[in-house]
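One structure is given here, and the rest of the page talks about it.
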Amino acid sequence: DEMQINMFFILFLTGLMLGIKVFNISDKLSTTLQGKTLSAADAQSLAAKSIDLLKSLRSEEKFNTFVEEVNSAKDSLG
């Protein structure tokens, strides 16, 4: 029924948008780590910063912002 389809769409959209956020962080890290002029110390620092950024996504504030983004995307898609 329509309610189940709507719930599936919201769950799909949530997973998709979260995946994009995580992928963007890891992709930037990966691209930077492949640079030829990066020292081991800089690489370790960048990895630690990426981990901190990923952990920050779990905060209450970031979660609430994410929910608003998902709802906004859902509304704009119909």
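Numbering starts at 1 and runs along the sequence shown.
Contact of the Phe66 side chain with the Leu57 side chain is not registered, since no non-hydrogen atoms from C-beta on lie closer than 4.5 Å.
For the residue pair Leu46 and Thr32, the shortest heavy atom distance occurs at CD1-CG2, 3.2 Å.
Within the structure, side chain to side chain donor-acceptor pair (under 3.5 Å) pairs that include any residue of residues 43-66 do not occur (at least two apart or interchain). Residue pairs that meet the side chain to side chain donor-acceptor pair (under 3.5 Å) test with at least one member in residues 7-30, sequence neighbours left out, are Lys21-Glu69, Ser30-Gln34.
Residues satisfying the side chain to side chain contact (heavy atoms under 4.5 Å, CB included) test with Asn71, not counting sequence neighbours, are Val67, Lys74. Not counting sequence neighbours, Ser76 has no partner by the side chain to side chain contact (heavy atoms under 4.5 Å, CB included) test. Qualifying side chain to side chain contact (heavy atoms under 4.5 Å, CB included) partners for Thr37, counting only residues two or more places apart in sequence or in other chains: none. Scanning for side chain to side chain contact (heavy atoms under 4.5 Å, CB included) contacts around Asp1 gives Met3, Gln4, with sequence neighbours left out.
A single hydrophobic cluster is not seen to contain both Phe23 and Met17; linkage of ILVMFWY side chains at heavy-atom distances under 4.5 Å, directly or through other members, places them apart. Taken together through direct or relayed side-chain contacts under 4.5 Å among Ile, Leu, Val, Met, Phe, Trp and Tyr, Phe12 and Ile20 form part of one hydrophobic cluster. Hydrophobic clustering (side-chain heavy atoms under 4.5 Å, transitive across Ile, Leu, Val, Met, Phe, Trp, Tyr) keeps Leu16 apart from Ile5.
For the atom pair CD1 (Ile25) and CG (Leu54), the distance works out to 4.5 Å, reported to the nearest 0.5 Å.
Counted within 6.0 Å of CZ on Phe9, heavy atoms from surrounding residues, nucleotides or ligands total more than 12; the atom is thus considered enclosed.
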